Participant: 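Take this structure first; my questions come after.
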Amino acid sequence: MKLVFASNNKNKIAEIKQMLPESIDLLSLEDIGCTEDIPETADTIEGNAILKANYVTEKFGLPCFADDTGLEVEILNGAPGVYSARYAGVQKNADDNMNKLLKSLENKTNRKAQFKTIIALNINNKQHLFEGIIKGEIITEKKGSKGFGYDPIFIPEGFSKTFAEMEMSDKAKLSHRGIATRKLISYLKVNL
């Protein structure tokens with residue numbers, strides 16, 4: 001079955017593709033000829049995932065899922081949250097975002113944070129939401145060269161390595177996106 005993942009983020013697509021059953025042919029936005037930037041104008045992570053999934057379903061008529069992820073830092077009242085990708089500006093630069101966050105946390109002892117992913121699935125004229133949360137903390141300097149986004153400064157609870165120091169397959173087993181994706185896959189296996 002063909003299923004669109006409303007993303008052109010090659011890292012995310014590779015991460016999710018390796019988790020899906022072989023019976024599902026995962027297509028990116030590029031694969032279906034969707035070249036426009038889908039607006040992420042909602043003020044919640046859930047809202048942005050729904051916006052993206054609905055855009056593809058309405059415009060292309062294909063079964064689709066979309067995700068949105070935010071890094072929520074406790075002492076910053078949940079920021080950067082829904083603005084994680086553009087925390088340091090519209091250029092959406094991961095290094096700029098991490099540098100801004102590290103600066104915001106200078107001299108702070110509470111460095112608790114969590115990654116939250118919501119996946120919105122539109123299939124058979126119904127919408128389903130799947131959530132994944134991983135708690136951890138923000139360290140004081142970047143470590144590791146794997147992963148993307150805030151991975152070099154986030155250590156999940158119970159671990160001593162950042163996401164950027166882990167192999168993709170190890171990260172996928174415990175990450176927020178991995179948790180939400182496993183919920184999505186369980187649903188697809190039972191309902192398709």
Side-chain angles (χ1 to χ4, degrees), residues 1-71 80-101 115-132 145-152 163-164 168-169 171-172 175-185 187-188 191-192:
M1 127 171 233
K2 289 188 187 309
L3 183 61
V4 177
F5 179 20
S7 178
N8 277 323
N9 182 321
K10 299 209 184 311
N11 292 307
K12 274 193 203 177
I13 293 165
E15 198 173 286
I16 288 182
K17 200 170 214 165
Q18 76 172 13
M19 298 172 69
L20 288 172
E22 285 182 20
S23 59
I24 294 175
D25 183 14
L26 190 65
L27 304 173
S28 68
L29 290 174
E30 185 181 13
D31 293 334
I32 63 167
C34 180
T35 54
E36 56 272 24
D37 256 348
I38 301 172
E40 294 181 43
T41 53
D43 56 6
T44 64
I45 292 166
E46 293 86 345
N48 278 338
I50 290 167
L51 273 176
K52 291 186 275 188
N54 288 351
Y55 183 92
V56 171
T57 300
E58 288 162 14
K59 190 159 175 153
F60 295 90
L62 296 166
C64 167
F65 69 93
D67 79 321
D68 198 37
T69 295
L71 175 65
V82 71
Y83 305 106
S84 293
R86 53 193 184 279
Y87 188 49
V90 292
Q91 73 277 17
K92 295 184 176 181
N93 180 281
D95 278 318
D96 293 348
N97 290 336
M98 284 187 282
N99 292 338
K100 179 176 179 180
L101 182 59
F115 271 117
K116 177 179 175 183
T117 292
I118 299 291
I119 293 177
L121 170 68
N122 288 348
I123 196 162
N124 301 328
N125 300 313
K126 288 196 175 126
Q127 186 168 78
H128 309 274
L129 298 180
F130 307 95
E131 179 183 75
S145 58
K146 300 176 184 106
F148 56 99
Y150 294 89
D151 287 356
F163 273 161
M168 189 190 296
S169 57
K171 176 192 167 191
S175 78
H176 45 294
R177 189 171 297 104
I179 293 165
T181 302
R182 279 190 293 285
K183 291 177 182 176
L184 165 73
I185 290 165
Y187 175 84
L188 291 172
N191 294 283
L192 291 185

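Just so it is clear, the model here is predicted, and its values are computed rather than measured. Only this structure's heavy atoms are used, side chains among them; waters, hydrogens and symmetry mates stay out.
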Participant: Who passes side-chain hydrogen bond (donor to acceptor under 3.5 Å, both in side chains) against Asn93, sequence neighbours left out?
Facilitator: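 side-chain hydrogen bond (donor to acceptor under 3.5 Å, both in side chains) list for Asn93, sorted by chain: empty.
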Participant: For the CG atom on Asp95, are there more than 12 heavy atoms of other groups (residues, nucleotides or ligands in this structure) within a distance under 6.0 Å?
Facilitator: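 It does: Asp95 CG has more than 12 such atoms within range.
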Participant: Apply salt bridge (charged side-chain N to carboxylate O under 4.0 Å, His left out) to Asp151 and list each qualifying residue two or more places apart in sequence or on a separate chain.
Facilitator: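 Residues passing salt bridge (charged side-chain N to carboxylate O under 4.0 Å, His left out) with Asp151: Lys171.
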Participant: Which atom names give the shortest non-hydrogen contact between Asn8 and Glu30, and what distance separates them?
Facilitator: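 Heavy atoms only, the tightest pair is OD1-N, 2.9 Å.
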Participant: With side-chain contact (heavy atoms from CB on, under 4.5 Å) as the criterion, how do Ile38 and Val56 come out once you've worked through the C-alpha distance, each side chain's angles and the decisive distance to 0.1 Å?
Facilitator: CA-CA 9 Å; Ile38 301 172; Val56 171; 4.0 Å; yes
Participant: Suppose we screen for salt bridge (charged side-chain N to carboxylate O under 4.0 Å, His left out). Which residues come up paired with Lys2, at least two apart in sequence or across chains?
Facilitator: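 Residues passing salt bridge (charged side-chain N to carboxylate O under 4.0 Å, His left out) with Lys2: Asp25.
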Participant: Under a 3.5 Å distance rule, please check whether Tyr150 uses its side chain to pair with a backbone N or O of Ser84 as donor and acceptor.
Facilitator: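 Judged by distance alone, yes, a pair lies under 3.5 Å.
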Participant: Side chains of Lys10 and Phe148: closer than 4.5 Å at any heavy-atom pair?
Facilitator: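 No. Closest side-chain heavy atoms not under 4.5 Å.
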Participant: Quick one: salt bridge (charged side-chain N to carboxylate O under 4.0 Å, His left out) partners of Glu36, sequence neighbours excluded?
Facilitator: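 If we apply the salt bridge (charged side-chain N to carboxylate O under 4.0 Å, His left out) test to Glu36, skipping adjacent residues, the hits are Lys59.
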Participant: So, Asn48 side chain and Ala42 main chain: donor-acceptor pair closer than 3.5 Å or not?
Facilitator: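 Side chain of Asn48 to backbone of Ala42, a donor-acceptor pair under 3.5 Å: yes, one is there.
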Participant: With sequence neighbours excluded, tell me which residues meet salt bridge (charged side-chain N to carboxylate O under 4.0 Å, His left out) with Asp43.
Facilitator: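 Salt bridge (charged side-chain N to carboxylate O under 4.0 Å, His left out) check on Asp43 returns nothing, list empty.
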Participant: Could you tell me whether the side chain of Lys100 and the main chain of Tyr87 form a donor-acceptor pair under 3.5 Å?
Facilitator: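 Present.
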Participant: With sequence neighbours left out, what residues match Phe65 under ring-ring contact (aromatic ring centres under 6.0 Å, His included)?
Facilitator: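 Phe65 satisfies ring-ring contact (aromatic ring centres under 6.0 Å, His included) with Phe5 only.
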Participant: Do you know which two heavy atoms are closest between Met98 and Pro152, and how far apart they sit?
Facilitator: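 Between these two residues, the closest heavy atoms are SD-CD, 3.7 Å.
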Participant: Are Met1 and Ile123 side-chain neighbours, meaning at least one heavy-atom pair lies under 4.5 Å?
Facilitator: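 Counting from C-beta outward, Met1 and Ile123 do come under 4.5 Å.
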Participant: Taking Asn97 for its side chain and Ala88 for its backbone only, find out whether a donor-acceptor pair lies under 3.5 Å.
Facilitator: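 Here the side-chain-to-backbone pair exists.
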Participant: Check Cys34 against Phe60 and note the closest heavy-atom contact, atom names and distance.
Facilitator: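 Minimum heavy-atom separation between Cys34 and Phe60: CB-CZ, 3.5 Å.
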Participant: Could you walk me through whether Thr117 and Ile179 pass the side-chain contact (heavy atoms from CB on, under 4.5 Å) check?
Facilitator: CA-CA 9 Å; Thr117 292; Ile179 293 165; over 6 Å; no
Participant: Distance alone, cut at 3.5 Å: any donor-acceptor contact between the side chains of Asn54 and Thr57?
Facilitator: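 No, no side-chain donor-acceptor pair sits under 3.5 Å.
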Participant: For Lys183, is there an ion pair with Glu131 - N to carboxylate O distance below 4.0 angstrom?
Facilitator: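 Here Glu131 does not pair with Lys183 in a salt bridge, since their nearest N and O are not under 4.0 Å apart.
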Participant: Would you mind reporting whether Leu20 and Ile185 have side-chain heavy atoms less than 4.5 Å apart?
Facilitator: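 Of all side-chain heavy-atom pairs linking Leu20 with Ile185, at least one is under 4.5 Å.
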Participant: Between Ser28 and Ser7, what is the shortest heavy-atom contact and its length?
Facilitator: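 Result for this residue pair: CB-O, 3.5 Å.
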Participant: Quick one: closest heavy-atom pair of Leu101 and Pro80, and the distance?
Facilitator: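 Nearest pair, atom of Leu101 first, then Pro80: CD1-CD, 4.4 Å.
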